[in-house]
Undergrad: 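Pasting a structure below so you can have a look.
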Amino acid sequence: MMEEEKLMKQELSAMKEQVSSPNTSMKQMREVMVRAMYCEMLGYDASFTYIHAIKLAQQGSVLEKRVGYLAVSLFLSEGHELLLLLVNTVLKDLQSTNLIEACMALTVVAQVFPKDMIPAVLPLVEDKLSHPKEIIRRKAVLALYKFYLIAPNQVQHIHAKFRKALCDKDPGVMTSSLHIYLQLIRESPEGYKDLTGSFVAIMKQVVGGKLPMDFYYHNVPAPWLQIQLLRILSLLGREDQSTSELMYEVLDESLRRAEMNHNITYAILYECVKAIYTIHPKAELLEKAARCIGNFVLSPKINLKYLGLKALTYVVQHDAKLALQHQMTIIECLDHSDFTIKRETLELLFRITNAQNVTVIVEKMLDFLRGCKDEHTIIHLTMNDVFSIGGDSLQQDVPNNFLRLLAEGSECKEEDDELRLIAVDSYLTVLKGDASHLPQHFLQVMSWVLGEYSHLQECVDQREVIRLLTKLLDERSVSSETRVWILSALTKIPEGQTDLIQELAESLSSSQDTVLRQQAQELRHLSRDSQLQECVLPRGAPWDSMEVDSSLSFLDGFVSEALAAGAAPYKPPHQRQEELSEERALNLEPYSFSLPVSLSSCSITDRQSPTLLSVSSGVSGNSTELSQKEGSSTLILEGVKRVWGKDGYLPQKETAATAPPVDEPGIAVNPSGQQEAAERIEPQPEPSTRNQDKQQLASSLFVGLGTQSSISLLGKSEAPPPRFRKKPRPHESSSSSSSGTSERSSDSSSRSPHSKTDSFLYGSLLEEEPVTCTSTTTNGLSQNKHAEGERRANTSQILGSDMVIVRPNTIQDRHPPSVSSDLTALLPSEIKDLPHSDVISLTSDPSLSLASCRMFRDEALLLVIFICNCTETVIKDVAVQLTCEELETASLRGNVVDCLEGKSTSVCHYALLMDEPHTNVSFTGTVSYQTQPGHTNTLPFSGTLSTTDFIRPLVITTEEYGKLWLSLSHDVKQNLKLLTDAGGDPLKTTLNALKDALQLHVVDIIGSEGIVACRLLSGAPCLLHCRVNGSALAVWLRSPHPSFPDCIMYHCQRALAEL
Amino acid sequence: MVNKQGQTRLSKYYEQVELGKRAALEADMVRGCLARRKEECSFVEYKDYKLVYRQYAALFIVVGITENENELSIYELVHNFVEVLDKYFSRVGLTLQLQVVMFKSEKR
């Protein structure tokens, strides 16, 4: 480090010399700039070069100018005075015919120009919006975006131009305009509802793969653009049903499309799920989105898990029950070694906090807080929220624990103080607002913290604190117990404010409440005598160094005097009660926990956490049993447990919890206590016990999120599904059913007849359950052996209605019957999930057999050829050659294999393009191979392809259809057979049949007319207008391509004839 | 962009941060990222920001984002950025390291 500094100093002084020398050329100056930038990046001031950077931008040639501009944008922040010197240069460059200069000027304007310099360049930047070059238009839009951010008023008049940018033919310009729109819509969604259609259309085009390949990232079209659009859509659709309805389709589409297993598709899915939960809900979409989250949360990839938790955190605000499906994952994440994951899980828990589970959740948060010291600020704020929500339902111990944590602190004094300061600050803010509705426990915590630590915050006026606390005292809703807390806090606030305190003490000394009156008296005395105060309440003393004489020995003299004077001896409360109950003959009350958790007898002279106050007050006299228990500083955990027993799920809890805790004072009561009891009855394998712990935790965390039967998202469940799921441990199910304690849970799971909901909930956790949606992403080779039908169903569910996964072999009928579909398992992963045809055998000889399969990609047909080695020996130098005059080969893969092992299969695939429509095309090819060195065999093969293999649905709206229709020139009219036998609407039936056979997109059906669209791969469209005419279907086709309509017509006729 | 030793190789600020505070800020940020293990996720909380980091051989690329950003998309954006660099300069990692070495040796 020292060495670096020395070097930098040397470098800087050398540079200083160089820039001040008149002989330094522009080129050298450029060099200096680069060095200066590096110095600044390492944190060394190089401000003496700033002016030279501007000079370089002003006077240099293009390359030097570029470096100059770059340096300026790095060195000069917005509003730096030197920027004024740049205005003229920028103006000149903006008008330059040199594209690079104009670009640089626009960039620097967008980066560093301050508000007051915008008017100077605005007209020029505005002009650039209609520049012929797209890069200039894009930069201009971005500059305007920046202007909008810093001075929205100045660009108000060009909103219409933003719309033009949105409709720009260049996707890049359109993309940059979305930044502006996202901002505008975030501020006022109402003004931009009319643009929803446009955004949806853009999204559709992007998702539909209409963008040039330049915009693809790992085969995903413009992912960041998609994310941006999804954000815009969600803002537009929020709380607006009619707008939301416009986007359901595209959201659905985008969920379906993003099935590829790549991070970026998950990033899109995340936004998509968020959007679906933000806009006006649609059950079907919500269901799909929820399933998506499952894929995230259960992913072994930690980044996806994180995002899943984040998504879950977002959606549980809308539907808390969703958390139930993932309870076990959440529990596991809670114990995750990764801090970020833990933190996100707590955030999630915080969102599902309700009156029943608040105790457990806060416990968890406190645990977390103890575990990590550096991040507690955020948690602390979360705690505040929990207190204000959960409030009165909190057990006494929760705030006590919290205060304890604050008071005990960690090893590091600074961190503790920081945390305390944050507490003080945040509570003061809370108190300045309306505090009357806040829960009593929260008020108590606040007053204690303020009393104890407000002196740490120097910038806070103590009088202000006193005023706030006094105001609280006057609040009607504040209970007298809380008042006591407040008063003790006031006592602790430092001297010097005697006048206020005196006043307060006077007013309270006539209070009805004896405790209050007593405190007011003490307060008055203490505030008069600062020496006494110092002695009683030593500032800043660590609480554990204070000795509390719990036996009250200093009173011994007084007691003996009183006894001597004939007073009755003191009896501890329980003894008194016993005597009382003996008198009453029958005691119907259960023995209650005898520690009085009230502050009625607490003395203000204690400068400690109220936990101890209440403890020492309860320990008065000779109740040693209690003092031992409390002395070990265990917290009042019984309270937590009782809640579990009452509201928690596990039945064995009830048995344990019915025994009053006082009955077994010797047993340390901790959360695993019941587990121990259960183990005594029936020993269980260790992992399952841990598992049960988790389940127990789950039941206490997720209690109150839904009744047992309402977990079902689909609402189809017949039997109540089990409350929590088990981890897929092989031995688990047997061990848990053998355990008598978890009888109910195993019982209900065997009773439930694996309804749809169940299998969905269990989905990927229990292997024996039927796998539904998750299978498509997880199924590997082994699962492909399952019936093809299942795969068909699975994938088509995701691909939706427009693309049928397996197409019937229409013209291939004369080929040999299809061979084993096992071959599809060999498909490379990147194309495996594409819709495909059956695998058909092409040819074979004693050594090799060839099979082929057609796969349908949007922009091409993939012809996959499987080359199987039928022998046991290795075949070498296998090479496939394919020829087809009518088609163009866009790419090929795997057509040469050096060495094919015995009984193995190699896959090669050709991406074929059809530019000119042909009804049928045939391909021929040969495979050459060597069974022995030097001895080459060839095996010829051939096959046919149909135009239908190259037709893709064209997804457009009715409006777009209308526009397109008018622009097309070549048309064909013909009558087709109308399918009337199916019973339903003949038009619909016929169109659906055509749709399935030819991959058409049915745009709309209105009355007796239907409009349908398709295209030749990603090229020429063809529009069909169908009208029912008696018993026939009059079809009118239009396309920019002369022979395409004829071709489609031919296939339509064929398809209908075959039905 | 920082190396495994935590030295800054390239930095770009989109909000004004005083020059003097940058080095400390960077060191602090980087410490948080370097301390994490491989099996932990690539996102860390840092003050009001989330840090998204990605490792390429001995180089770390760290991006600070706001809470409402999509971490995974940024994670991939980093990769996109690296891919672009790779295309322009071929073998980015190597180049960057070399450049740094050259720069240092020139200074001596």
Side-chain angles (χ1 to χ4, degrees), chain A residues 1 4 7-8 10-11 14 34-35 37-38 40-47 73-75 77-80 111 217-218 220 223-224 226-228 230-231 262-271 274 296 301-307 309-310 336-341 343-344 374-375 377-378, chain B residues 1 5-28 31-32 35-48 50-52 54 67-81 83-84 99-100 103-108:
Chain A
M1 224 45 201
E4 183 191 284
L7 275 171
M8 296 309 289
Q10 268 173 24
E11 180 69 27
V34 176
R35 285 161 180 271
M37 283 186 252
Y38 196 79
E40 288 245 309
M41 212 175 64
L42 293 181
Y44 297 88
D45 178 67
S47 50
S73 68
L74 288 173
F75 292 158
S77 60
E78 239 166 72
H80 197 288
Q111 279 177 328
Y217 171 74
H218 291 261
V220 180
W224 295 280
Q226 288 192 45
I227 287 172
Q228 193 89 340
L230 285 166
R231 286 180 186 157
H262 190 278
N263 273 339
I264 194 67
T265 55
Y266 282 104
I268 297 172
L269 272 182
Y270 167 76
E271 292 296 335
K274 259 181 95 167
F296 276 103
K301 285 190 189 158
I302 191 77
N303 286 344
L304 294 188
K305 203 177 246 321
Y306 168 82
L307 211 64
L309 284 171
K310 207 175 156 186
H336 205 282
S337 58
D338 187 341
F339 180 83
T340 315
I341 296 279
R343 161 83 183 82
E344 198 58 43
D374 51 332
E375 289 284 337
T377 56
I378 308 135
Chain B
M1 247 183 240
Q5 288 77 46
Q7 293 162 306
T8 306
R9 286 291 163 251
L10 189 70
S11 67
K12 167 90 180 117
Y13 288 76
Y14 294 88
E15 272 167 30
Q16 184 55 24
V17 177
E18 248 175 76
L19 204 58
K21 291 182 181 161
R22 290 188 183 189
L25 177 78
E26 281 162 21
D28 200 27
R31 215 174 302 126
R36 291 176 66 81
R37 283 172 296 149
K38 269 241 160 62
E39 62 271 19
E40 297 183 332
C41 72
S42 319
F43 319 121
V44 210
E45 222 163 305
Y46 180 77
K47 302 204 169 144
D48 292 337
K50 274 259 163 66
L51 301 180
V52 175
R54 196 158 177 160
E67 176 61 32
N68 48 15
E69 219 8 287
N70 178 335
E71 287 89 347
L72 202 58
S73 85
I74 300 296
Y75 185 71
E76 285 305 309
L77 191 66
V78 169
H79 189 66
N80 195 10
F81 174 62
E83 276 179 348
V84 171
Q99 273 180 350
V100 170
F103 187 75
K104 288 218 152 162
S105 56
E106 270 172 43
K107 278 189 296 186
R108 270 163 219 266

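Just so it is clear, the structure is predicted and the values come from calculations on it, not from any experiment. In the text below, chain A, chain B and the rest are named by the order of the sequence lines, each starting its count at 1.
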Undergrad: Can you tell me which portion of B:Q5 sits under 4.5 Å from chain A's heavy atoms? Options are side chain, backbone, both or neither.
TA: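 Contact with chain A: none, neither part.
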Undergrad: Sequence neighbours excluded, which residues qualify as ring pair (Phe, Tyr, Trp, His ring centres under 6.0 Å) partners of B:Y75?
TA: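 So B:Y75 forms no ring pair (Phe, Tyr, Trp, His ring centres under 6.0 Å) with any residue.
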Undergrad: Check each atom of A:K310 against the heavy atoms of chain B and say whether the ones under 4.5 Å are side chain, backbone, both or neither.
TA: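 For A:K310, the side chain is the part near chain B, not the backbone.
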Undergrad: Just verifying a value: how many Å separate A:M41 CE and B:Y13 OH, rounded to the nearest 0.5 Å?
TA: 9.5 Å
Undergrad: Side chains of B:L77 and A:W224: does their closest heavy-atom pair fall under 4.5 Å?
TA: yes
Undergrad: Which answer fits B:E67, side chain, backbone, both or neither, if we ask what part of it has an atom under 4.5 Å from a heavy atom of chain A?
TA: both
Undergrad: Mind listing the closest non-hydrogen atom pair of B:L19 and A:D45 along with its distance?
TA: CD2-CA, 3.6 Å
Undergrad: Mind checking whether A:I302 and B:E39 have side chains closer than 4.5 Å, heavy atoms only?
TA: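 Counting from C-beta outward, A:I302 and B:E39 never come under 4.5 Å.
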Undergrad: To the nearest 0.5 Å, how far apart are CD in B:E71 and CG in A:L307?
TA: 6.5 Å
Undergrad: Chain A heavy atoms under 4.5 Å from B:K12: which part of the residue, side chain, backbone, both or neither?
TA: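 The side chain, not the backbone.
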Undergrad: Does the side chain of A:E40 come within less than 4.5 Å of B:R22's, by heavy atoms?
TA: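 Not in contact.
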Undergrad: Tell me the closest heavy-atom pair linking B:S73 and A:A267, and the distance in Å.
TA: N-CB, 3.7 Å
Undergrad: Using heavy-atom distances under 4.5 Å, tell me whether B:E26 contacts chain A through its side chain, its backbone, both, or neither.
TA: side chain
Undergrad: How are the rings of B:H79 and A:H218 set to each other: parallel, tilted or perpendicular (split at 30° and 60°)?
TA: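 Correct class here is tilted.
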Undergrad: I need the minimum non-hydrogen distance between B:C41 and A:T340, along with the two atoms involved.
TA: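 So the minimum-distance heavy-atom pair works out to SG-CB, 3.9 Å.
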Undergrad: Give, for atom CG of A:N303 and atom CD of B:E40, the distance between the pair rounded to the nearest 0.5 Å.
TA: 11.0 Å
Undergrad: When rounded to the nearest 0.5 angstrom, what distance separates CD1 in A:I264 from CG in B:N70?
TA: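 Atom-to-atom, A:I264:CD1 and B:N70:CG are 7.5 Å apart.
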Undergrad: Please report the interatomic distance OH(A:Y217) to CG(B:N80), rounded to the nearest 0.5 Å.
TA: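 Answer rounded to 0.5 Å: 5.5 Å.
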